Amino acid sequence: MKQPIIIAIDGTSASGKSTNAKLVARALGYVYVDTGAMYRTLAWYCLKSRIDVQNARAVAAACRKWKTKLECANAGGLRAVRLRVEDYFPEKEIRTPETAAAVPHVAAIPRVRKWMVKRQRECVQFGNLVMEGRDIGTNVFPETNFKFYLDAKLEERSRRRAADGVQENLAARDQRDSQRATAPLMIGLGAKVINNSSMTSEQTSTAILEEIRKRLAAK
Ligand code: DC
């Protein structure tokens with residue numbers, strides 16, 4: 001059977017991963033997977049269930065027991081994977097400042113990461129993927145030939161978040177994501193690094209697509 005193609009897009013917070021991953025998925029007709037949304041969903045679930053996100057044992061136990069399902073939904077022509085919890089997808093709730101503050105704690109727990117990586121690998125059931133996150137090229141699909149690492153200057157990334165109406169300390173979150181012991185944010189072997197501080201998303205996604213086509217032709 002033909003193996004699905006995995007495009008891994010990792011990078012710092014607000015480096016344009018989501019925007020570009022969606023543009024690339026649309027252009028190629030691949031399925032989009034936002035793995036940050038999966039970690040955010042667990043953080044939201046813990047907050048809702050009054051589980052202390054700093055209590056690794058309690059969070060890991062909740063993650064072992066919660067009732068979830070992966071689904072591939074069509075959102076405005078883009079096929080995207082969602083993790084439903086008790087048959088609900090908390091689309092808005094996972095974007096609140098409270099969830100954003102809780103998520104790095106949840107994402108640092110090794111047993112949570114193990115669970116998430118397993119679900120993320122299961123997404124190949126939906127076909128070719130554009131998957132964005134922090135450890136896709138290093139940990140989830142380290143064997144893929146299509147790895148990208150996006151970054152931009154901190155001032156520019158903070159400006160982008162503020163333009164989206166979100167105030168948050170990106171430097172603190174990046175530091176936690178880069179310094180955690182399990183699967184820290186790193187540039188994957190063979191990844192194409194794109195610093196898009198002064199690039200539009202159209203320019204960034206075009207650069208990604210050109211590189212994918214080059215690598216596909218060399219296969
Ligand atoms: O991309 P995002 O801001 O939605 O990610 C939310 C958090 O989840 C972020 O703090 C990093 C973490 N994360 C991770 O550790 N590994 C991933 N593959 C994706 C996200």
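Just so it is clear, the values below take in all heavy atoms, side chains as well, and ignore hydrogens, waters and symmetry mates. All ligand and atom numbering here is 1-based and tracks the order in the structure. Not measured: the values here are computed from a predicted model.
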Considering only N or O atoms, set out every pair between ligand 1 and the protein closer than 3.5 Å, with distances to one decimal place.
residue  : atom   : partner : partner atom : Å
ligand 1 : 1 (O)  : Arg134  : NH1          : 2.8
ligand 1 : 1 (O)  : Arg134  : NH2          : 3.4
ligand 1 : 3 (O)  : Arg40   : NH2          : 3.0
ligand 1 : 3 (O)  : Arg134  : NH2          : 3.4
ligand 1 : 3 (O)  : Arg173  : NH1          : 3.1
ligand 1 : 3 (O)  : Arg173  : NH2          : 3.3
ligand 1 : 4 (O)  : Arg40   : NE           : 2.7
ligand 1 : 10 (O) : Arg173  : NH1          : 2.9
ligand 1 : 10 (O) : Asp177  : OD1          : 3.3
ligand 1 : 10 (O) : Asp177  : OD2          : 3.2
ligand 1 : 15 (O) : Arg113  : NH1          : 2.8
ligand 1 : 15 (O) : Arg113  : NH2          : 3.4
ligand 1 : 15 (O) : Arg180  : NH1          : 2.9
ligand 1 : 15 (O) : Arg180  : NH2          : 2.9
ligand 1 : 16 (N) : Arg113  : NH2          : 3.0
ligand 1 : 18 (N) : Thr35   : OG1          : 3.0
ligand 1 : 18 (N) : Arg134  : N            : 3.2
ligand 1 : 18 (N) : Asp135  : OD1          : 2.9

Determine, for Trp115 and Arg119, whether the Lys NZ or Arg CZ falls below 6.0 Å from the six-membered ring centre while staying within 45 degrees of the axis. yes

List, by chain and number, the other hydrophobic cluster members for Tyr30, where Ile, Leu, Val, Met, Phe, Trp and Tyr join if side-chain heavy atoms come within less than 4.5 Å, directly or indirectly. Ile5, Ile7, Ile9, Val24, Leu28, Val130, Phe146, Phe148, Leu150, Ile194, Met199, Ile208, Leu209, Ile212, Leu216

Answer yes if the side chains of Tyr39 and Arg113 hold a donor-acceptor pair under 3.5 Å, and no otherwise. yes

Is there a donor in the side chain of Arg134 and an acceptor in the side chain of Ser13, or the other way round, less than 3.5 Å apart? yes

Only pairs under 3.5 Å count here: list side-chain donor-acceptor contacts from residues 69-78, not counting sequence neighbours, and write none if there are none.
residue : atom : partner : partner atom : Å
Glu71   : OE2  : Arg84   : NH1          : 3.4
Asn74   : OD1  : Gly77   : N            : 3.1

Can you list the other members of the hydrophobic cluster that holds Val193, where links are side-chain heavy atoms under 4.5 angstrom apart? Tyr149, Leu185, Ile187

